[in-house]
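Letters go in sequence order (proteins before strands), and every chain restarts at 1.
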Number of protein chains: 2
Amino acid sequence: MTSDKKLKDILHQYGLKGTTARIIVLDVLVQSQVALSHADILSRIHGEDLDKVTLYRTLSSFVSVGLAHKVANEDRNWLYALLLQNNRRVGIDDHAHFICDQCERIYCLPMDAEDTISVPVMDNGFVIRSHEYRLHGTCPECN
Amino acid sequence: MTSDKKLKDILHQYGLKGTTARIIVLDVLVQSQVALSHADILSRIHGEDLDKVTLYRTLSSFVSVGLAHKVANEDRNWLYALLLQNNRRVGIDDHAHFICDQCERIYCLPMDAEDTISVPVMDNGFVIRSHEYRLHGTCPECN
DNA sequence: GTTTAATTGCAACTTTGTTGCATTATTTGT
DNA sequence: ACAAATAATGCAACAAAGTTGCAATTAAAC
């Protein structure tokens, strides 16, 4: 449990108002090691009730200011994860997504700049500006 | 336009009945250089009308026998593309997906087995079995 | 504290895709 | 070429995830 003041500070750093809804949602995301769906987040909020639309909008605001990013899971629902790794910003291209085919959890894995693929198509008129690497298999929990 | 007989043969090779719906849909997919949505395919069928459910089921049958594969676009709709490159089978891991951020077309780009990323997580209990590389940028049509 | 602008909650709605079931078409064997 | 068995089709109704509009509320700045 991170203190509300600390969470509010993070929101302010990203130019967002420190509303109770956002503090609740940020707290859930900070706690999680995996990307979470709208439903996941709702189920992790016990006492406080939060309108579903507010949650959708809260998550959108996190993404639009770069505090979080979203990944589609295999069912094509959006999952959300912070772009923070022990309080430091993480670039969206600096990690891969690991999808566990057994438990369906999605992990954001750090990846160095050197870990890139060489794609033999640059000379065909395709200009690559960013990427998403989606790795499938089984996660530590399932092995 | 590929001959109906040829298309029917392909369907039979994959253990599918050569129905008119499947021949129509396969013809559209053979023609296309990019992955197509349900709506894309419907709009490319002029005279013949095809029930929307039949189209969904036709596409599912193509995927389940390995004749086609599906990719989610940025709006998380399914796009379909054949796993054939000039009449030869293509493995699902043997290519990357190029998403044009301007026209939103998705291309399947061939990729050699050597073109892999080295992900520094194998020793953490993550076992990788397959992958999807999604490359973003602008395509030849948009440059 | 007041003001102002952003955020919230509610209801209604949209879009994409799915399910059940009766009808029709394709294949196989003769 | 024809009949029987089986799979595919079309229609209607439905499901799930997410969005939009709008009035009420709340956070931040002064």
#### Entry: Sugar-phosphate only, base, or nothing, as touched by A/A39 at under 4.0 Å among non-hydrogen atoms
nothing

### Query
Tell me, for nucleotides 18-30 of chain C in 5' to 3' order, what letter each nucleotide earns: B for a base near a protein heavy atom under 4.0 Å, S for only sugar-phosphate near one, - for neither?
BBB-----BS---

To the nearest angstrom, how far is [X] atom [atom1] from [N] atom [atom2]?
X: A/L11; N: D/dT26; atom1: CG; atom2: P; result: 18 Å
X: B/L50; N: D/dT9; atom1: CG; atom2: P; result: 8 Å
X: A/E74; N: D/dA17; atom1: CD; atom2: C1'; result: 17 Å
X: A/D51; N: C/dT8; atom1: CG; atom2: C1'; result: 7 Å
X: B/L59; N: D/dA8; atom1: CG; atom2: C1'; result: 14 Å
X: A/D9; N: D/dA27; atom1: CG; atom2: P; result: 16 Å
X: B/H38; N: C/dT15; atom1: NE2; atom2: C1'; result: 12 Å
X: B/N77; N: D/dG18; atom1: CG; atom2: C1'; result: 13 Å

### Query
For the ring pair A/H131 and A/Y133, is the centre-to-centre distance below 6.0 Å?
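Yes, the ring centres sit under 6.0 Å apart.
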
### Message
Ring centres under 6.0 Å, that's the criterion: do A/Y107 and B/F126 meet it?
### Response
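Ring centres of B/F126 and A/Y107 closer than 6.0 Å.
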
### Query
Sub-3.5 Å donor-acceptor pair from the side chain of A/N73 to the main-chain atoms of A/D75, do we have one?
yes

### Query
Judged by atom type as modelled, is there a donor-acceptor pair below 3.5 Å linking the side chain of B/R44 to the main-chain atoms of B/V28?
no

### Task
Report the relative orientation of the aromatic rings in A/H97 and A/H69; use parallel for angles under 30°, tilted for 30 to 60°, perpendicular for over 60°.
parallel

### Message
Using 30° and 60° as the class boundaries, would you call the ring planes of A/H38 and A/Y56 parallel, tilted or perpendicular?
### Response
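Ring orientation, 0 to 90° scale: parallel.
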
